[in-house]
Amino acid sequence: MPWKGEKDPYKIWLSEIILQQTRVEQGLNYYNNFVKEFPNVHKLAKAPETAVFKLWEGLGYYSRCRNLLFTAGYISKELKGHFPDNYDEIKALKGIGPYTAAAISSFAFNLPHAVVDGNVFRVLARVFGISTAIDSTEGKKEFTNLAEELLDRKQPGMYNQAIMDFGAVICKPAAPLCDTCVFKKSCDAFLHNQVNELPVKEKKINVRKRWFYYLVLENKKETAIRKRVEKDIWQGLYEFPLIEVGNELDTKTIIRELEKKKWLLKNAYELISVSPLFKQQLSHQLIAGQFIKIRVKNKPSIKNDWLWMEKEEMAAHAFPQFINQYLREKNGQQTLF
DNA sequence: AAGACGGGGGA
DNA sequence: TCCCCAGTCTT
């Protein structure tokens, strides 16, 4: 991995933000693209927000991108490009919690702070046979204390790297390699046949179902899009004008709704196509919806937050994967891009 | 303390 | 489907 042995705190920071709740294989390309485009914090701080989001597009958890931009500006301007070199100041940066602060502290500055990520929770829970829930306040405290105790204070960076690699490669969530594991004779979970029961999590997520009906409105060569600014999924990304409802509706009903909102004027539009039903499963939401493509001779006069632009400009904006599915699908048939 | 926040991959 | 991933922020 390109960030192994890296000493530049900027690049370490970048890699750690990208890897939050993200597999190495998924984040690797994004990291390389970011380093190429923004080799230092000043370049990142100066970049237009739209361009940075476009580079982040598809990676998920877009608040990471927002915070990345904010912190880049802070370091570039307030700190004159000098990355903080102690745990407390690093942890105070937006987007950096206990894990990332420990990672940067130990990797970049060789400071003795133990990382506690998903790998560490799993390794410690199994090796020490700890059944305290890892998503409880008590569990976080217990595992963090143990991790700090175990830390090799002479080479904290090496130690942190090692335990995370061990968790990712050997002590995997499913089908761990216990047969060849060096802890085979001492691992509490292995000795008590508890490997598949640990670690313990107590909270379960319930999935919300949402229906998104998108209006793909075309006027001459332009299409209307808007920025999602609401405190909701995909904040900061772009989308088509949206009607969200709590259950599945037919196209007629949706179009009636569009007319009621004055987004369409009766008898002054042409229905081009209705997409098949698209679905996207997120961790905590199931999004289903359709794209209704309509052409108008005149843009609606009703006041709204729409931006009209041609395909080329649209392509420079970041969209949710739910919408990209549709855009890509169209590519084969009607070439939207 | 509990929820919210993406998307992809593996079982 | 469900679970997990080099977690953090908000309520």
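Throughout, a chain's letter reflects where its sequence line sits, starting with A, and its residues are numbered from 1. Model, not experiment: these values are computed from the prediction.
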Original post:
Are OP1 or OP2 of B:dG8 and a side-chain N or O of A:Gln321 less than 4.0 angstrom apart?
Top reply: yes
Original post:
Among C:dG7, B:dA2, C:dC4, which nucleotide sits nearest the side chain of A:Tyr99?
Top reply: C:dG7
Subject >> Nearest-neighbour nucleotide for the A:Pro98 side chain, C:dG7, C:dT8, B:dG7 considered >> reply: C:dT8
Original post:
Given the C1' atoms of C:dC9 and B:dG8, what is the spacing between them in whole Å?
Top reply: 23 Å
Original post:
Between A:Thr100 and C:dT8, is there a side-chain N or O to OP1/OP2 distance below 4.0 Å?
Top reply: yes
Original post:
Which base, if any, makes a Watson-Crick or G-U wobble pair with B:dG6, both distances under 3.5 Å?
Top reply: none
**OP:** Report the nucleotide, chosen from C:dC4, C:dG7, C:dA6, that has the shortest atom-to-atom distance to any side-chain atom of A:Tyr61.
**Re:** C:dG7
Original post:
So, is A:Arg66 near the phosphate of C:dC9, with a side-chain N or O under 4.0 Å from OP1 or OP2?
Top reply: no
**OP:** Strictly below 4.0 Å, heavy-atom distances to any atom of DNA chain C: list the hits from residues 162-182 of chain A, or just say none.
**Re:** A:Met164, A:Asp165, A:Pro173
Please table the atom pairs, donor to acceptor, closer than 3.5 Å between any side-chain atom in residues 80-87 of chain A and protein atoms at least two apart or in another chain.
unit_1  : atom_1 : unit_2  : atom_2 : d
A:Asn86 : OD1    : A:Asp88 : N      : 3.4
A:Asn86 : OD1    : A:Glu89 : N      : 3.0
A:Asn86 : ND2    : A:Glu89 : OE2    : 2.9

**OP:** Can you tell me the distance, in whole Å, between the CZ atom of A:Arg64 and the P atom of C:dA6?
**Re:** 12 Å
**OP:** May I ask you to verify if any side-chain N or O of A:Trp3 is less than 4.0 angstrom from the OP1 or OP2 atom of C:dA6?
**Re:** no
Original post:
Closest to the A:Val24 side chain: C:dG7, C:dC9, C:dA6?
Top reply: C:dA6
Original post:
Does A:Gln20 have a side-chain nitrogen or oxygen under 4.0 Å from the phosphate oxygens OP1 or OP2 of C:dC5?
Top reply: no
**OP:** State whether A:Gln280 places a side-chain N or O below 4.0 Å from either non-bridging phosphate oxygen (OP1 or OP2) of B:dG7.
**Re:** yes
**OP:** Could you please name the option among B:dG7, B:dA2, C:dC4 that lies closest to any side-chain atom of A:Arg122?
**Re:** C:dC4
**OP:** Could you check if a side-chain atom of A:Phe166 sits within less than 4.5 angstrom of a side-chain atom of A:Phe183, using non-hydrogen atoms only?
**Re:** yes
Original post:
Where the side chain of A:Lys231 is defined as all heavy atoms beyond and including C-beta, which of C:dT11, C:dT8, C:dA6 is the nearest nucleotide?
Top reply: C:dT11
Original post:
If you check every side-chain atom of A:Ile233, which of B:dG8, C:dA6, B:dG6 has the closest atom?
Top reply: B:dG6
